[in-house]
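Notes to accompany the following structure.
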Amino acid sequence: MELPPVLVTTLTFVILALLVWVLLSRTVLGRGFSVPLRNMFRPVETSQYPEKPRPVAPRFHGRHQLNRYADGLEKCIGCELCAWACPADAIYVQGADNTVEARYSPGERYAEDYQINYNRCILCGLCIEACPTRALTMTHEYEFSADQRSKLVYTKDQLIAGVPPGGDETPHTDRQVKERGLNYYGGLAVTPPTLHGGTYRPAGAAPASRAAQVVPTGDLPISDEQPTDPATVGGPTRRDPGRDR
Amino acid sequence: MTEKPVDDVTFTIDGQEITVPKGTLMIRAAEQLGIIIPRFCDHPLLDPVGACRQCVVEVEGLPKPMMACTTTVMPDKAVKTHATSDMAKKAQEGTLEFLLINHPLDCPMCDKGGECPLQDQALAHGSNTSRFIDQKRRYDKPVAVSEQILLDRERCVLCARCTRFSDQISGDPFIELFERGALEQVAIYEDEPYESYFSGNVIQICPVGALTSTSYRFKARPFDVVTTPSVCDHCSAGCTLTVQSRRGEIQRQLARTNMAVNEAWNCDKGRFGFTHLTAPTRVTEPKLREGDDLVTATWTQALRTSVAAISAAKDAGPGRIAVLTGSRLADEDAYAASKYARTVLGTDDVDHRTRFAPSTERDELVAVLGRDTASYAEVEAAPIIVVAGLDAEEEVPILHLRLRKAWRNRTARIVVVGPDLGTLDELAWRHLPTAVGGEAAVLRALSGDGVLNGPGSEVAAALGEVESPVVLVGERAGAGSITAASLLTDAVGGSLAYVPRRAGARGAMQAGLTAGTLPGGRRLDAADDRAAVEAVWATELPEEPGRDLHAILTDAAAGRIDVLHLIGVDLARDAASVELARAALTKVKTVIVQDLAWNDTVREFADVVLPVSGRQERAGTATNWEGRAQRFSRAIDGPDLVQDDWEILLQLAAILGQDLGFNDLEALRAEVDRLGVRDEPHAMPAAAADAKLEDGEAAGEGFDVVARPLLLDNGTMLTGATDLLATAREPVVVVASSDAAELDVSDGDRVELTGGGGALTLPVRVTTNLQPGTVVVPTNAADQPAGVLADRDGNLRVTLTKVAAEQPTGEHSQEVA
Ligand code: SF4
Ligand code: SF4
Ligand code: SF4
Ligand code: SF4
Ligand code: FES
């Protein structure tokens, strides 16, 4: 019986294909070879970490950052609301006075010390929600590892963002701030301090006292023009410069 | 006689019936039912004013909303609060919305944030939104009302609590409301700084963050402080305090409400005076003297050196050791010191005073312990208060507030006996001037034993008419004053109190820290007392009463004493005669000092320095002038190497081979309880017949000196309290106007006072409220303590020389006689 050549060819291919399938799926050796074979046709999954870190989700909760305004002043006012909100008790803030000669943030108060303990932090982000000035945000950085626990307590110098271009490192003096047309002591249309025809006695009787340092002296001119509200000087800094160390 | 409750009123609040005395404010009645009506201006200890309009309630049948804090209860009315009345709820929401219109809402940087009644009530009773869209009122902030108080006018809700406090309670109405309407603001008068010893209270009662303290500014939040109840150690008022610490450091102290003692107030010294614990002048390590230096030693070395000196002195014969304690000790320390001196050292040479007291005082102090002492409540209720030798505002400030309250509320008549009217000038009804130390004679005359002048007989007549007057005798009253006062209260009724200045004085008296006395109001020369104490202490007590401070110092200066063991006393500065004290400290072989601070005695004279823990660093008991014992607990840890005073004494005793009989505070207190007080109190000593009635000019050349302490002075327990000290009163020498005219000096002139022991230069203040021939000098507020003026017997008699004003250009003042 003479089979038509087409059929022979077809049968040959079918048998060969069956053999190959049996070889690849039913034998140990074949199953082993099938893996690289299959993966030769898949996209490459290997990431080149740590040389090339992969981007994380846009709202990823990574290491915190203390932001600055465009002029370099710190946004953090040392209010401790973040510490209050933290369920893990990971934040320590110590507030202090901005003085006429050393101003770190707008307003009266700044964070003299600021620490986040990443041994405790669960990166939940409640702190940044609590922050009233958007001083505290979270970066995309997630590399927390150290060979000592104390190294996981990040201090203010590790958390604070770099000075933006054109800005100055803190502290500033109130005179500098005035020159920028700002007045962080309620410069918006100050109701004149009418005092029954008098003036307040400056707290100068004891020059060493705190009062003398924090109360603005009269020598700073109050500008008539409507100064920009500090909150609008450069919006919340969203850049992610990473640790500049 | 049955009292019919005709004066009770029954009505309902939110449907609950309540019966209260007529005249009760609705807000108080509601509190009794546990219904809290929101409020800002209402304060139970201040007069109602109705300034904030927050406490709106609806009273059925009345057309208008009512203020619960100013409306007294009405019979049979139905009162509805925000809980049941929509009208009240809406009105309260409206008030809050108005309050917040001009409120800066800078809670994040506000020191009140987290403990702010405005925050809390806005959350609980306010509406969620505000309809206000315009620019808020803005003020410069903060302004300094005083060195320790900052005012933020934007935050003020005009409740007038602060101004009412300074007007009604402390009587320093320097802070007031000025202007009207939206611009109404709290302010101080132009030329008068807000000077008050009680200013810290306005910070505490401000229901918003408008008044904040410079010392606590931005330091902490309510959630990160640890709160410990405590008792103030600055004076014998015994105010209860709240100590708040963060990470082991005290951040602030607040008045803790105790209606029996300090009500809801305290003074600035108690509030702000805690910095000495962390000041660089704190003694933190045991030290031993090597030549001129004090070098750090171990406790073992320091204790062994002390014990070697003590043993040598004991071997050298009796009477060569003396124990002097200041009056800052806790009751437990005082008891341990008393037992240590008598049983371990075998001496009765102890004294807790720094003044040279008359010899009769010992028996008086013992007798005072056995009598019922007047209390704050009695002072408050008294129709007449006789004050002798005491300037309460400077010495026991909270007692001054009570005197003021009695004067204001119940129109108590305050009679001052003594050379000087002092700070009672506003309150005093009559001043019975005496020569220095002449108080006893006038007190005796008031009880009918002596001649009185015009005002004196008026007072005597008034005393005869009233029930339960109160007689307060201070430390400066002359010899025999306590006895005379007791005769007076025996004659006219009422009660008596001896009011020492320092916090541990009463405890020291009770522990027997006066030569010749024993714990529990007992006397060494009474056989039954000796037996009672010997039974508990299981030891033989010395037979003869020991020496008092003056005798001890005199003998020490003469080389008859080898070891002075000083427990919390800075003799080189505080002793009545600085000259004698320094001579004594120089002469004795070994000076053992247990103290908190590097004071003059430690620096110059101590051979062994043993560091001790401060009040907030330990537990203990404090007894105030009323005899009220109050416990305090440990709020913070002290420096690593400090120990409590009683622990040190325990160890010294142990090395000397003796057991004090207790190893912890509980056992010590149990022993004090076992010892108890004498069943039948000792009577007052018979009045000294020689006390003479003097109210004429003092004889001879010069002036008698009243050495009066100022509240805020150079005391080592105020070290580091910069802001507090900036509000201290200027040290002046007070001169009677007639003397001033004779000397040709007026206010502000500087005079040099020369006394038996040294000289002192001070500015003059002229007053009419002072016995001529007398001057008042601050004890420890000038560069030199008043004790430098005294001769070796503590006599204070000075001559005054005018010093020319300082040249405006020169640095050195030129002296012109
Ligand atoms: S992320 Fe969460 S746990 Fe971490 S500091 Fe912020 S609040 Fe605390
Ligand atoms: S980071 Fe924000 S919340 Fe935390 S202290 Fe600073 S301003 Fe306040
Ligand atoms: S007073 Fe109260 S409501 Fe006002 S800013 Fe301060 S914390 Fe906020
Ligand atoms: S009155 Fe005396 S006890 Fe009270 S706070 Fe002032 S110093 Fe302390
Ligand atoms: S609490 Fe009643 S008006 Fe202020």
Side-chain angles (χ1 to χ4, degrees), chain A residues 76-85 89 91-98 105-112 130-133 135 183-216 218 220 222 226, chain B residues 102 104-111 113-114 135-154 176-179 182-185 187-194 212-224 246-247 721-728:
Chain A
C76 176
I77 53 170
C79 68
E80 300 195 30
L81 289 186
C82 48
W84 211 330
D89 199 6
I91 306 186
Y92 166 69
V93 188
Q94 176 67 61
D97 287 296
N98 281 315
S105 66
E108 300 162 64
R109 181 170 180 149
Y110 80 102
E112 185 181 43
C131 180
T133 62
N183 176 3
Y184 287 128
Y185 272 103
L188 298 167
V190 171
T191 317
T194 41
L195 235 200
H196 217 56
T199 48
Y200 282 106
R201 189 176 68 114
S209 73
R210 285 164 73 86
Q213 291 164 24
V214 300
V215 175
L220 293 170
I222 291 187
Q226 200 79 332
Chain B
N102 264 332
L105 288 179
D106 50 0
C107 307
M109 60 176 92
C110 176
D111 259 338
Q135 170 71 57
K136 291 191 183 205
R137 175 195 61 176
R138 300 292 285 267
Y139 286 125
D140 269 341
K141 64 201 232 173
V143 290
V145 171
S146 77
E147 301 293 346
Q148 46 199 12
I149 300 182
L150 296 175
L151 167 66
D152 186 317
R153 288 165 294 164
E154 292 178 349
E176 254 313 336
L177 282 170
F178 288 117
E179 307 298 332
L183 292 185
E184 188 170 2
Q185 52 187 278
I188 44 176
Y189 292 101
E190 191 181 344
D191 300 322
E192 291 171 90
Y194 180 46
T212 53
S213 95
T214 49
S215 64
Y216 178 66
R217 189 171 156 86
F218 305 158
K219 275 214 182 149
R221 288 286 182 201
F223 72 94
D224 49 33
R246 181 183 191 190
R247 297 165 66 111
T722 330
D723 301 330
L724 175 62
L725 288 173
T727 64

If you measure from CG on A:L81 to CE on B:M109, what distance do you get to the nearest 0.5 Å?
11.0 Å
What's the shortest heavy-atom distance between A:W84 and B:G114, and which atoms?
CH2-CA, 3.1 Å
So how far is it from A:D97 CG to B:T214 OG1, rounded to the nearest 0.5 Å?
9.0 Å
Calculate, to the nearest 0.5 Å, the distance between atoms CG and CD belonging to B:L150 and A:E108 respectively.
8.5 Å
Residue pair B:R246 / A:V93: nearest heavy atoms and the distance that separates them
NH2-O, 2.7 Å
Toward chain A, the part of B:C107 with a non-hydrogen atom under 4.5 Å
neither
Heavy-atom pair with the smallest gap, counting every atom of A:Q94 and B:F218
NE2-O, 3.6 Å
For a 4.5 angstrom cut-off between non-hydrogen side-chain atoms, does B:D111 reach A:R109?
yes
